[in-house]
Amino acid sequence: MVEAVGFCHASGITHRDLKAENMMLDSEWNLKIIDFGLSAPTEGRDGSGYLKTKLGTYGYMAPEQHLGRVYQGERVDVFSLAVVLFVMISGHPPFNAATPKDQFFVALVVKNNDDFWNKHSMNKAEGSSFYSAAFKDLFEKMVELDPEKRITMEGI
């Protein structure tokens with residue numbers, strides 16, 4: 001999944017609507033990313049490297065998109081990939097939306113990360129050991145509130 005998105009970025013395309021529903025497997029279990037209807041050039045429409053259209057699937061959108069700020073397509077794709085990864089591991093999304101009104105998002109990025117992980121571990125048979133330290137670390141770096149500090153595809 002990361003390699004496929006990295007290939008898109010290296011080819012000058014940012015997807016902007018990455019979600020589990022846009023990830024398909026072929027008969028040989030090769031990942032295929034679909035639905036490039038909201039994609040844009042990585043350099044932005046005006047060549048500045050930034051995009052401004054607020055679009056995508058609500059629960060997968062990065063905070064800067066929800067706030068109506070200009071954003072880099074690669075950075076929002078990394079955020080969306082984190083949500084997809086969380087869904088793959090947990091079977092449910094990490095939060096409803098990356099906004100100040102979402103209690104789970106606030107618990108993760110504003111308050112104490114432990115609250116976020118404890119709440120998501122409550123209904124897991126393994127309890128607090130369900131999420132590995134490596135998974136938590138990667139996820140937190142991918143959903144970093146400040147897009148400039150958010151891990152890059154190369155960092156992943």
Side-chain angles (χ1 to χ4, degrees), residues 1-47 49-99 102 104-105 108-109 116-117 119-126 129-145 147-156:
M1 183 170 60
V2 172
E3 288 177 11
V5 174
F7 178 81
C8 291
H9 291 175
S11 300
I13 306 268
T14 181
H15 193 281
R16 298 194 303 175
D17 194 25
L18 293 170
K19 56 186 174 181
E21 297 86 347
N22 285 342
M23 306 283 176
M24 302 290 165
L25 297 172
D26 68 14
S27 62
E28 297 178 10
W29 299 99
N30 296 305
L31 179 78
K32 305 291 183 182
I33 299 174
I34 64 168
D35 192 2
F36 283 81
L38 302 179
S39 65
T42 53
E43 71 271 1
R45 302 275 185 212
D46 61 2
Y50 289 90
L51 298 160
K52 57 185 173 187
T53 309
K54 182 180 176 180
L55 46 71
T57 301
Y58 194 75
Y60 292 82
M61 290 169 54
E64 57 269 30
Q65 291 174 291
H66 285 291
L67 295 171
R69 297 182 180 152
V70 295
Y71 58 89
Q72 293 176 308
E74 298 100 319
R75 305 278 180 163
V76 300
D77 280 354
V78 166
F79 188 95
S80 298
L81 274 177
V83 177
V84 172
L85 178 62
F86 193 95
V87 170
M88 289 172 63
I89 299 296
S90 301
H92 55 81
F95 33 73
N96 290 323
T99 68
D102 188 286
F104 286 107
F105 184 71
L108 178 64
V109 301
F116 174 85
W117 294 111
K119 287 177 183 177
H120 280 293
S121 298
M122 283 183 357
N123 296 323
K124 306 292 185 209
E126 299 85 351
S129 65
F130 180 80
Y131 300 102
S132 70
F135 174 77
K136 291 178 185 179
D137 181 60
L138 178 61
F139 179 77
E140 289 172 13
K141 288 175 179 173
M142 292 175 77
V143 296
E144 166 64 45
L145 183 60
E148 296 299 319
K149 294 179 183 175
R150 195 173 296 147
I151 194 169
T152 63
M153 293 300 293
E154 295 80 21
I156 295 171

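In what follows, every heavy atom counts, from backbone to side chain, and hydrogens, waters and symmetry copies are set aside.
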Legend entry - Check against salt bridge (charged side-chain N to carboxylate O under 4.0 Å, His left out), Glu64 and Lys52: CA-CA 10 Å; Glu64 57 269 30; Lys52 57 185 173 187; over 6 Å; no

Inset, instruction - Evaluate whether atom CZ of Phe7 has more than 12 neighbouring non-hydrogen atoms of other residues, nucleotides or ligands under 6.0 angstrom away. - result: no

Legend entry - Main-chain N/O of Leu51 paired with Gln72 side-chain donor or acceptor, under 3.5 Å: no

Inset, instruction - Measure the CE-CG distance between Met61 and Leu18 for me, rounded to the nearest 0.5 Å. - result: 13.0 Å

Legend entry - Check: Gly155 main-chain N/O paired with Thr152 side-chain donor or acceptor under 3.5 Å: yes

Inset, instruction - Give a yes or no on whether Glu3 atom CD has more than 12 heavy-atom contacts from other residues, nucleotides or ligands under 6.0 Å away. - result: no

Inset, instruction - With the side chain counted from C-beta on, respond yes when Pro94 and Leu108 share a heavy-atom pair under 4.5 Å apart, and no when they do not. - result: no

Legend entry - N/O donor-acceptor pair under 3.5 Å between Asp102 side chain and Ala97 backbone: yes

Inset, instruction - Say whether, by atom type as modelled, one donor and one acceptor occur between the side chain of Arg150 and the main chain of Phe79 under 3.5 angstrom. - result: no

Inset, instruction - Name all residues meeting the side chain to side chain contact (heavy atoms under 4.5 Å, CB included) criterion together with Met1; count only those two or more places apart in sequence or in a different chain, and write none if there are none. - result: Met23, Leu31, Leu81, Val84, Met88

Inset, instruction - Describe, in one word, how the ring planes of His66 and Tyr58 are oriented to each other, choosing from parallel (under 30°), tilted (30 to 60°) and perpendicular (over 60°). - result: perpendicular

Inset, instruction - Scan side-chain atoms only and decide if Arg16 and Tyr71 contain a donor-acceptor pair under the 3.5 Å cut-off. - result: yes

Legend entry - Closest contact, heavy atoms only, Ile13 versus Ser39: CG2-CB, 3.9 Å

Inset, instruction - Classify the ring geometry between Phe139 and Trp117 as parallel (under 30°), tilted (30 to 60°) or perpendicular (over 60°). - result: perpendicular

Legend entry - Check: Glu126 main-chain N/O paired with Ser129 side-chain donor or acceptor under 3.5 Å: yes

Legend entry - His92 ring center within less than 6.0 Å of His120 ring center: yes

Legend entry - Asp17 side chain to Phe36 backbone, donor-acceptor under 3.5 Å: no

Inset, instruction - Hey, could you give me the CD/CD distance between Glu74 and Glu43, rounded to the nearest 0.5 Å? - result: 9.0 Å

Inset, instruction - With rounding to the nearest 0.5 Å, note down the distance linking OG1 in Thr53 to CG in Leu38. - result: 9.5 Å

Inset, instruction - Would you name the heavy atoms of Tyr131 and Ser121 that are closest together and state the gap between them? - result: CD1-OG, 3.6 Å

Inset, instruction - Looking only at non-hydrogen atoms, find the nearest pair between Leu145 and Pro147 and report the distance. - result: O-CD, 3.2 Å

Inset, instruction - Mind checking the NZ-CG spacing from Lys32 to Asp26? Nearest 0.5 Å is all I need. - result: 5.0 Å

Legend entry - Shortest non-hydrogen contact between Arg45 and Ala40, atoms and distance: NH2-CB, 3.7 Å

Legend entry - Leu85 versus Met142, closest heavy-atom pair with distance: CD2-SD, 4.4 Å

Legend entry - Partners passing ring-ring contact (aromatic ring centres under 6.0 Å, His included) against Phe130 (at least two apart in sequence or in another chain): none

Legend entry - Polar side-chain atom of Glu144 near backbone of Lys141 as donor-acceptor pair, under 3.5 Å: no

Legend entry - Short side-chain to backbone donor-acceptor contact, His15 and Asp35, under 3.5 Å: yes

Inset, instruction - Quick one: pull up NE2 in His9 and CD in Glu154 and give me the separation to the nearest 0.5 Å. - result: 9.5 Å

Legend entry - Check: Ser80 side chain, Tyr60 main-chain N or O, donor-acceptor pair, under 3.5 Å: yes

Inset, instruction - Please find out if less than 6.0 Å separates the ring center of Phe105 from that of Phe95. - result: yes

Inset, instruction - Compare every heavy atom of Val87 with every heavy atom of Pro93, then report the nearest pair and how far apart it is. - result: CA-CG2, 3.7 Å

